[in-house]
Protein chains: 2
Amino acid sequence: MSLQLSVDRSSPVPLYFQLSQQLEAAIERGSLTPGSLLGNEIELAGRLGLSRPTVRQAIQSLVDKGLLVRRRGVGTQVVHSQVKRPLELSSLYDDLEAAGQKPETRVLANTLVPASAEVAAALGVGEGEEVHRVERLRLTHGDPVAYLCNHLPTGLLPLDTERLEATGLYRLMRAAGITLHSARQSVGARAATAEEDERLAEPAGAPLLTMQRTTFDDTGRPVEFGSHTYRASRYSFEFQLLVRP
Amino acid sequence: MSLQLSVDRSSPVPLYFQLSQQLEAAIERGSLTPGSLLGNEIELAGRLGLSRPTVRQAIQSLVDKGLLVRRRGVGTQVVHSQVKRPLELSSLYDDLEAAGQKPETRVLANTLVPASAEVAAALGVGEGEEVHRVERLRLTHGDPVAYLCNHLPTGLLPLDTERLEATGLYRLMRAAGITLHSARQSVGARAATAEEDERLAEPAGAPLLTMQRTTFDDTGRPVEFGSHTYRASRYSFEFQLLVRP
DNA sequence: TAGTGGTCTAGACCACTAA
DNA sequence: TAGTGGTCTAGACCACTAC
């Protein structure tokens, strides 16, 4: 099979990254078939004019992504497909867009409010301290999918209604130079209240999917606390996860 | 602060792993406080009599776990806590046990059945082919929490009712030498049917949390397909996730 | 026994950050 | 400018697997 692999040493892109991208592309388009062996690291390094650690680094990044499996004494094999996208800290906006759904956002409220006890605890601010409160309705094809209520610390990023209606909150945060690091999530279900029924255009007492999430940046500072309710009839969480070895 | 670090070269435990364990323990018990710098890699390597790549490997594993953050030109810092346990392929049994809930299992059915179209597609077998079907009720303190229905390929592992009532399915699979690799999950909500109401002791039409999951081993072979329903009043999914850099 | 990945070393140069 | 992490090399020995 041999496979066309090469690296460009004049490129600013790291060599291991060039290699891992080419291998991933080969797996994606089926040039490297599931179950096939990759050939040993030494030979691969020699063929590309790279050192073994560099080749290992490229392979390791694909192992971490779940695309390859290494077995001592055996070799490196392509996993039998199935793995597409491991769980990410995803934005509903991006998820819907990726599904070709053309998400729309209607900002219901965008104000400063004193933090409730729950919000204060999540964001690590004093109770009653001023925080941003954003309420949004997310729709596709004019139909509501979810009601999103978020609280954010003040002074973190500009939150004008216009930008909130044009894109997702996470994109705004990244654009403002915030490096998202981790999030704590809780997913549950409950019956809708009368108010929620109306907002989401569901019959009385309909089951709702709920999510609460606190997101942290890479300094460990809470940057967002969200309470979301999804129409169970129109949305479910889909994700893939890897077993950490 | 300096910190007591040392490695045992006569141990079969890899040096990078010894170091990462000690660093993790130091973070856990607070000897390394959030936000504090770790000291540069060269100096750390010299102090321990290790090479820099080995020290980097130790640090990298903790970065992957979300405990440390590296910034070029700045240094390596301990993340401001909050990160405890990233999302794993978890078993409800283990989750309940970890929460001190003493889970019990009641096996409702444990039979061989012909695969339905849905099950056949998930497990990659022919429709109508024989597969295991296991129905269980999971309880804590005598109260039902979830109804679990799983399908498995035949010949994979022995599934006696006795063992199923003593522990979780994933533990049985691991004990049978199956290396779990990844899973595809879908989490949603819906109103309970009359049959489910009765099984889970909920009022008519109560909201239920649902999960469907297909689990794969490290060869990419599907090893389990589960359809679970949880009492929303008694259970929610809690997890932490990291942004992949 | 032969071949694989797992670990480890002792250097090197570069890119980025902060003062 | 000084110090940090990011990348890379060319070797070495070991543990495990399959034959």
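Below, read A as the first sequence line, B as the second, and so on, with proteins coming before strands; counting in each chain starts at 1.
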Write down the distance between [atom1] ([X]) and [atom2] ([N]), rounded to a whole number of angstrom.
X: A/Leu68; N: C/dG5; atom1: CG; atom2: C1'; answer: 13 Å
X: B/Glu41; N: D/dG5; atom1: CD; atom2: P; answer: 5 Å
X: B/Leu37; N: D/dT4; atom1: CG; atom2: C1'; answer: 10 Å
X: A/Leu38; N: C/dG3; atom1: CG; atom2: P; answer: 18 Å
X: B/Gln57; N: D/dC8; atom1: CD; atom2: C1'; answer: 16 Å
X: A/Arg70; N: C/dT4; atom1: CZ; atom2: P; answer: 14 Å
X: A/Gln60; N: D/dT7; atom1: CD; atom2: C1'; answer: 16 Å
X: B/Glu43; N: D/dT4; atom1: CD; atom2: P; answer: 9 Å

(request) State whether a side-chain donor-acceptor pair under 3.5 Å links B/Glu238 with A/Gln212. (result) no
(message) Please tell me whether A/Asn110 and A/Arg136 have a donor and an acceptor in their side chains that are separated by less than 3.5 angstrom.
(response) no
(message) Consider side-chain contact (heavy atoms from CB on, under 4.5 Å). Of B/Leu32, B/Leu62, B/Leu19, which one does B/Glu24 pass it with?
(response) B/Leu62
(request) Please report the C-alpha distance between A/Arg184 and A/Thr214 in whole Å, then the side-chain angles of each, then the deciding distance to 0.1 Å, and finally whether the side chain to side chain donor-acceptor pair (under 3.5 Å) criterion is met. (result) CA-CA 5 Å; A/Arg184 177 129 194 82; A/Thr214 310; over 6 Å; no
Does [X] put a side-chain nitrogen or oxygen below 4.0 Å from OP1 or OP2 of [N]?
X: B/Thr54; N: C/dT9; result: yes
X: B/Arg9; N: C/dT9; result: yes
X: B/Arg71; N: C/dC16; result: no
X: A/Thr76; N: C/dG5; result: yes
X: A/Tyr16; N: D/dC8; result: no
X: B/Asn40; N: D/dT4; result: yes

(request) Find the partner of C/dC16: check Watson-Crick (N1-N3 plus N6-O4 or O6-N4) and G-U wobble (N1-O2, O6-N3) distances, both under 3.5 Å, and reply none if neither fits. (result) D/dG3
(request) Using Watson-Crick or G-U wobble geometry with both distances below 3.5 Å, tell me the partner of D/dA10, or none. (result) C/dT9
(message) The test is side chain to side chain donor-acceptor pair (under 3.5 Å); show your working for B/Arg70 and B/Gln60 and say whether it passes.
(response) CA-CA 9 Å; B/Arg70 287 207 261 219; B/Gln60 186 58 47; 2.3 Å; yes
(message) Students often get this wrong, so: under 4.0 angstrom with heavy atoms, is B/Pro53 touching a base, only sugar-phosphate, or nothing?
(response) base
(message) Categorize A/Ile42 for me: base, sugar-phosphate, or nothing, with a 4.0 angstrom heavy-atom threshold over every strand shown.
(response) nothing
(message) Check this for me: does the side-chain of A/Arg52 come within 3.5 Å of the base of C/dG6 through a donor and an acceptor?
(response) yes
(request) Kindly point out which of C/dT7, D/dT17, C/dG6 is positioned nearest to the side chain of A/Val74? (result) D/dT17
(request) Output the single nucleotide from C/dT9, D/dC8, C/dT7 whose closest atom is nearest the side chain of A/Arg56. (result) C/dT7
(message) Given 3.5 Å as the limit, does a donor-acceptor pair link the side chain of B/Gln22 with the main chain of B/Ser6, or not?
(response) yes
(request) With DNA chain C as reference, determine whether A/Ile59 or B/Phe17 sits nearer its 5' end, using the nearest nucleotide of each. (result) A/Ile59
